[in-house]
Amino acid sequence: MSRHQAYRNYDYENDLDEYEGEGYSDREEELDPEDQAQLNAGTAQIRVALGNESSKVTTQQIQEALWHYYYDVDKSIAYLLAKFIAPSTKKKEENNDKLHSQRLAFASFFDDMPWLNVPKDRETVFVKPPQIPGGLLGGASSTGKMSKLQALAAARKKKADDQKSEEKPRQETRQSDHTPTPPRRPEFATTSSLTDHLDGLQLKENIRPSASTTGETAALKFENANVEGDQMDGTRDTPAKPPAQVEESPSTPAPTETAAPSPFAQALLGPTNNSTTPTPRYFQFPYMNLPSSIADVFSAPSPDDVVLKAQSQASSKKVAASATKKKAASGEKKDEVAGGVKGLKIDDAPLPKSKNLDVLKEFEKTKSKKSASFVVVGHVDAGKSTIMGRLLLDLNVVDQRTIQKYRKEAENIGKSSFALAWVLDQRSEERSRGVTIDVATNKFETENTSFTILDAPGHRDFIPNMIAGASQADFAILVVDASTGAFEAGLKGQTREHSLLLRSMGVSRVIVAINKLDMVGWSQERFDEISQQVSGFLSATGFQLKNVSFVPISGLHGDNIVTRSTDAEASWYVGKTLVEELESSEPMARALHKPLRLTISEVYRSTQSPLTVSGRIDAGSLQAGDALLVQPSGEKAYIKSLELDQEPVDWAVAGQNVVIHLSNIDPVHVRVGDIICDIRQPIACIDTFTVKVLAFDILMPMQVDVHRGRLHAAGQILEIPALLDKVKGTVAKKKPRIVKPANVARVVVKMGTKIPLEAGQRVVLRSGGDTVAAGLLE
C-alpha cells in the first residue's frame, strides 16, 4: 500500500478525541495538602493586612491571587487593592462633554495639529466679502490688546532702530527692503510699528494655544479680516490713522496685508473697485523677521565658513596641479612602456657565469664509464628490494654495519628477513607495511659501467609509480618467485601487467631473475618450467628472445647475484651472474643532438637553492647558466648549478640522471611530471592528440587516465578513427565501435587540461585501476 493510500485511510477522529482529552476527567485537580496549607496561611495574612477592607474581597479571589503570584503576599495585596478594593477610574466622559459643550472653531478643531504652529505673519487671513456685510468671510471686529511683554519688546526694538538710524543711515534702506511698504497704503508706511507688532507676536509663536484661548485667537483673526475687508471695499473706506498715533500706542494692532480676491470670489461677489496691487513680501529663512542688528551679524559668512572655503580652494588647486603632473607623467610612462614592450624579448643568452661550453665535444673527449639505468619489476613479495640490497652489500656500496643495524630494527617489529630490503625502502611506511610504495633509486659501479637502480613497487595500487620508473630505464630486471604456487599467482597478477608496461614504454632488454630457487632445492626442472612459460609470454608480448636472459638466484643468500653459488645443488647452472648480465646489456641510444627534454621526477628544497629538481635527461644536453623553460607553466628559469652522482659538474647529456639547482623562478610553477625544455625549441602543450595504441582490454569512447612518465592526467577517448593491421600498419577497419584486446588502433584522446606532449612519446591509458592500452603519439 502506498503512502498516499495510508494517509487517505487515516482515522483522524480517533486521534482528535485523544488530543481533546478523551479519557480524562473534567473536574479540577485537587490541591496537595501542602499547597492547601500555604493557601490558608496566605489568606489569613492578607485578611489581617487589609483589615476592614478585607470584606470587599472574597476568599476565592484572595486564593486566586496567591496562586497566581506563587504565594507572594505583598504582590497579592497590591493586586487586590488595585483590582477590587480601590480601582482607578478615568474621567473620559467629562472631558468629552466639555469638548462638545464648547463652541466649535477652526483653531480649536485643529488645535492638536503640529502644522498649525506657524509664525503669525504667515497665517492665513480670512477676508470678508466686500459686497455682503458679514457674508461668507465675515467675523468679529473687536480690537486686541498687547501684553506687557509685547510692549517691552516693541519699545526695545524701537530704541534700537532709532540708534541705528542715527549712526548708519544705510541700514534704514536695508531694513525697508526686508519689509517693503505698499505705495497706496499710508497706514503701512511706518515699518517700525508693524515690526514691533510682529516682534511681539513672535514671542508667542512657539506657544500652543490652549482650549480657553482658542476662541480669542479666532476672534482676533476674524477682526483682522473685517478690517481688511472694510479697507478693500470702496464704499466703506475709513480714514487711516496717522503714523504718529500708531507709534504712540503700541497696543494698537498693526494692519495686515491682504491678497487680491480670487477669481472664484470675484465671479461670486463681483469685481472690486480697489485696484491696489499687493506688494510681494520676502521672508528670510526660517521665515521670520529678524531684527536688523541680528540680520547684519548673520548676513556675512561665519569664520568657519571662511576657513573651510579657503581650505577647499587650496585643495582643489593641489588636486588640479597633481592631475596635470599625473597626466604628463602618464604620457611619459606610456611612451616608456610602449618602448619597453617593443624592446622586450626572451633572453636566450645564458647567465654571465656560464662557461659557454660545447657540451657534445666535451662529452666525446671524456673517457668515463658508460652509464645505464635499469628498473626492477615483478609481482609483489617476489624479493625485488631484497635482491638489490644484497647486490649493494656484495659490491660494498653498503657496509655490513648498516645491514646489522637494519636487521636489529627489523627484528624488533618481527620482520628480520626485510633487513636487506630496507637498504632501498627508506620510508617508514614502506618498512612498516613491508612493501615498496615509490620508486627507490641507488647507484653502483662496475669496472665498465655506472648503473642507476630504479626499484619499482610491485603492488597494483602503485602502478603509476612503476610506470614512472620504467620510463627512465634502459633495460629491466623481471623478478619471478620460484616457490610453489607463487609463480603461477604472479603470472596472473603483476608479472603479466609489468611485462606489458615494459614493452609499451620502449624497454627491449629484459633479464628474468628467478628468485627463491633455494626454497625448491635448486631444482633445474622448476627453473626450466618457469623459463619456458615466461619466454612464451614475453615473446607474445613483443620481446625478442635474444634480448631475454634467465638467471637462477637467491636474493636472501646472494647466490648468483655478484658471485656464483657455492651450493652443490646449484652446480648445474654455468651461465652468467646477475651483475655480468647487467654489464653485457647495452643502454639505449642517446638523443644527444635533439632539443633538451627532461622529465622532473622530484622537486625539493636544498641548501644550495630554494628550488631543486631531479630527473633523467631524455634528449639534448645542458650546462650551468643555461636558460630553461618549464612546461606547462611556461615559466623561465636559469641553471644555478648541476650535480651528477652527488658531485658538482658543469654539464650533462641525455641518458644521465641529474640534479638541477634552479634560480629566478617561483616554486609554485614547478611540479613533478613537468618537462624542462630548450627555451628556443619548447615542447607544445596540447589537450587533444591522436595515439596509436595496443589494446590490453576492450576500448571504446570512455574516461581514461593518461600516463607519461611521472605525469598522469584525466582524459577521455573521443573517437576511434581506425583499426590497424599489426604487421603492415595499414587501416583494417574505419571507425570501429570497440577495439578488442591485442588489437592495434588509432584513437583520439581529449584531456581536461593542456599537458606537454609531442609526437614520438609513449603514453599509457588506464581505466578503473587496470591498464587498457599503451602506444605512441602520432
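The structure presented is a predicted model; accordingly, all values stated were derived computationally and were not measured. In this chain, numbering begins with 1 at the start of the sequence shown.
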How far apart are the C-alpha atoms of L642 and I660, what are their side-chain angles, what is the distance that settles it, and do they pass the side-chain contact (heavy atoms from CB on, under 4.5 Å) test?
CA-CA 5 Å; L642 291 172; I660 308 175; 3.6 Å; yes
Dump the intermediate steps for side-chain contact (heavy atoms from CB on, under 4.5 Å) on V512 and L538, then the final yes or no.
CA-CA 10 Å; V512 181; L538 293 178; 4.1 Å; yes
I'd like to know whether M700 forms a side-chain contact (heavy atoms from CB on, under 4.5 Å) with I717, so could you lay out the CA-CA distance, the side-chain angles of the two residues, the decisive distance to 0.1 Å, and finally the verdict.
CA-CA 7 Å; M700 63 182 70; I717 298 179; over 6 Å; no
Show the numbers, then the answer: is there a side chain to side chain donor-acceptor pair (under 3.5 Å) between D618 and T599?
CA-CA 7 Å; D618 300 326; T599 304; 3.0 Å; yes
For side-chain contact (heavy atoms from CB on, under 4.5 Å), just list the numbers for N442 and D455, CA-CA rounded to whole Å, side-chain angles, deciding distance to a tenth of an Å, and then say yes or no.
CA-CA 9 Å; N442 212 320; D455 186 17; over 6 Å; no
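Every residue two or more places apart in sequence or in another chain was checked for a ring pair (Phe, Tyr, Trp, His ring centres under 6.0 Å) with H379, and none qualifies. Shown here are the side chain to side chain donor-acceptor pair (under 3.5 Å) partners of T452, two or more places apart in sequence or in another chain: K443. In terms of the salt bridge (charged side-chain N to carboxylate O under 4.0 Å, His left out) criterion, R708 has no residue partners (sequence neighbours excluded). For F444, the ring pair (Phe, Tyr, Trp, His ring centres under 6.0 Å) partners are F451, not counting sequence neighbours. Residues forming a ring pair (Phe, Tyr, Trp, His ring centres under 6.0 Å) with F462 (at least two apart in sequence, or on another chain): H459. With sequence neighbours excluded, the residues satisfying side chain to side chain donor-acceptor pair (under 3.5 Å) with S601 are Q472. Residues that satisfy the salt bridge (charged side-chain N to carboxylate O under 4.0 Å, His left out) test with D474, not counting sequence neighbours, are R590, R616. Among residues two or more places apart in sequence or in another chain, the ring pair (Phe, Tyr, Trp, His ring centres under 6.0 Å) test is passed with F363 by none.
Within 6.0 Å of atom CE in M751, more than 12 heavy atoms from other residues, nucleotides or ligands are found, so the atom counts as buried in its surroundings. Annotation for E778: atom CD counts as buried by contact number, over 12 foreign heavy atoms lying within 6.0 Å. Summarising the local packing, CD of E445 is surrounded by more than 12 heavy atoms from other residues, nucleotides or ligands at distances under 6.0 Å. Q400 CD: more than 12 foreign heavy atoms inside a 6.0 Å radius. More than 12 heavy atoms of other residues, nucleotides or ligands lie within 6.0 Å of CZ in R762, so this atom counts as buried by the packing criterion.
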Could you list the donor-acceptor pairs under 3.5 angstrom formed by side chains in residues 628-635, with sequence neighbours left out?
residue : atom : partner : partner atom : Å
Q631    : OE1  : G634    : N            : 3.4
Q631    : NE2  : I683    : O            : 2.8
S633    : OG   : V630    : O            : 3.2
S633    : OG   : H669    : O            : 3.1

Show me the donor-acceptor pairs within less than 3.5 Å that the side chains of residues 723-738 make with the rest of the protein, sequence neighbours left out.
residue : atom : partner : partner atom : Å
D725    : OD2  : V727    : N            : 3.0
D725    : OD2  : K728    : N            : 2.9
K726    : NZ   : A742    : O            : 2.4

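Annotation: side chain of E488 is not in contact with side chain of L491 (no heavy-atom distance under 4.5 Å). Residues Q646 and V659 form no side-chain contact, since every pair of their non-hydrogen atoms from C-beta on lies 4.5 Å or further apart. With a 4.5 Å cut-off on side-chain heavy atoms, V510 and R503 do not count as touching. Residues L765 and M702 are not in side-chain contact: their nearest non-hydrogen atoms beyond the backbone lie 4.5 Å or more apart. Annotation: side chain of F550 is in contact with side chain of V534 (closest heavy-atom distance under 4.5 Å).
Note that CG of N465 is 12.0 Å distant from CG of L454, once rounded to the nearest 0.5 Å. Note that CG of D770 is 7.0 Å distant from CG of D697, once rounded to the nearest 0.5 Å. Residue T541 holds its OG1 atom at 9.0 Å from CG of L694, rounded to the nearest 0.5 Å. Atom CG in D559 sits 6.5 Å away from atom CG in D567 (nearest 0.5 Å). Between atom CG of residue L517 and atom OG of residue S523 there is a gap of 7.0 Å, rounded to the nearest 0.5 Å. For the atom pair I477 CD1 and L502 CG, the distance stands at 11.5 Å (nearest 0.5 Å).
Although no hydrogens or angles enter the test, the distance criterion places a donor-acceptor pair under 3.5 Å between the side chain of D678 and the main chain of R680. Judged purely by atom type and a 3.5 angstrom limit, D626 uses its side chain to pair as donor or acceptor with the backbone of Q623. Between the side chain of R564 and the backbone N or O of G575, at least one donor-acceptor pair lies under 3.5 Å. In terms of modelled atom types and a separation under 3.5 Å, the side chain of W572 and the main chain of W522 share a donor-acceptor contact. R597 places no side-chain N or O within 3.5 Å of a backbone atom of G620 that could act as its donor or acceptor partner. For the pair D674 (side chain) and R671 (backbone), a donor-acceptor distance under 3.5 Å is present.
For the ring-ring contact (aromatic ring centres under 6.0 Å, His included) condition, the pairs that include at least one residue of residues 701-730, sequence neighbours left out, are H707-H712. For residues 574-586, the side-chain hydrogen bond (donor to acceptor under 3.5 Å, both in side chains) pairs, not counting sequence neighbours, are K370-E586, T446-E583, R509-E581, R509-S585, S549-E581.
E497 and T771 share a side-chain donor-acceptor pair at under 3.5 Å. S385 and T436 are linked by a side-chain donor-acceptor pair at a separation below 3.5 angstrom, with hydrogens and angles left out of the test. Neither side chain, S531 nor D528, offers a donor N or O lying under 3.5 Å from an acceptor on the other. A donor and an acceptor atom, one from each side chain of N657 and T441, are nowhere located under 3.5 Å apart.
In this structure, G521 and E569 approach most closely via the heavy-atom pair O-OE1, 3.2 Å. In plain terms, the two heavy atoms of V507 and A470 that are nearest each other are CG2-O, 4.0 Å. Heavy atoms only, all atoms of each residue included: Q716 and V704 are closest at N-CG2, 4.2 Å. Smallest separation of non-hydrogen atoms from N515 and G383: ND2-CA, 3.8 Å. The two atoms that bring Q681 and P595 nearest to each other are OE1-CG, 2.9 Å, heavy atoms only. Between I675 and P756, the shortest heavy-atom contact is CD1-O, 3.9 Å.
A salt bridge (Lys or Arg N to Asp or Glu O under 4.0 Å) with D481 is found for one member of R526, K384, K516 and no other, namely K516.
Below 30°, between 30° and 60°, or above 60°: for F374 and F475 the angle between ring planes is below 30°, a parallel geometry.
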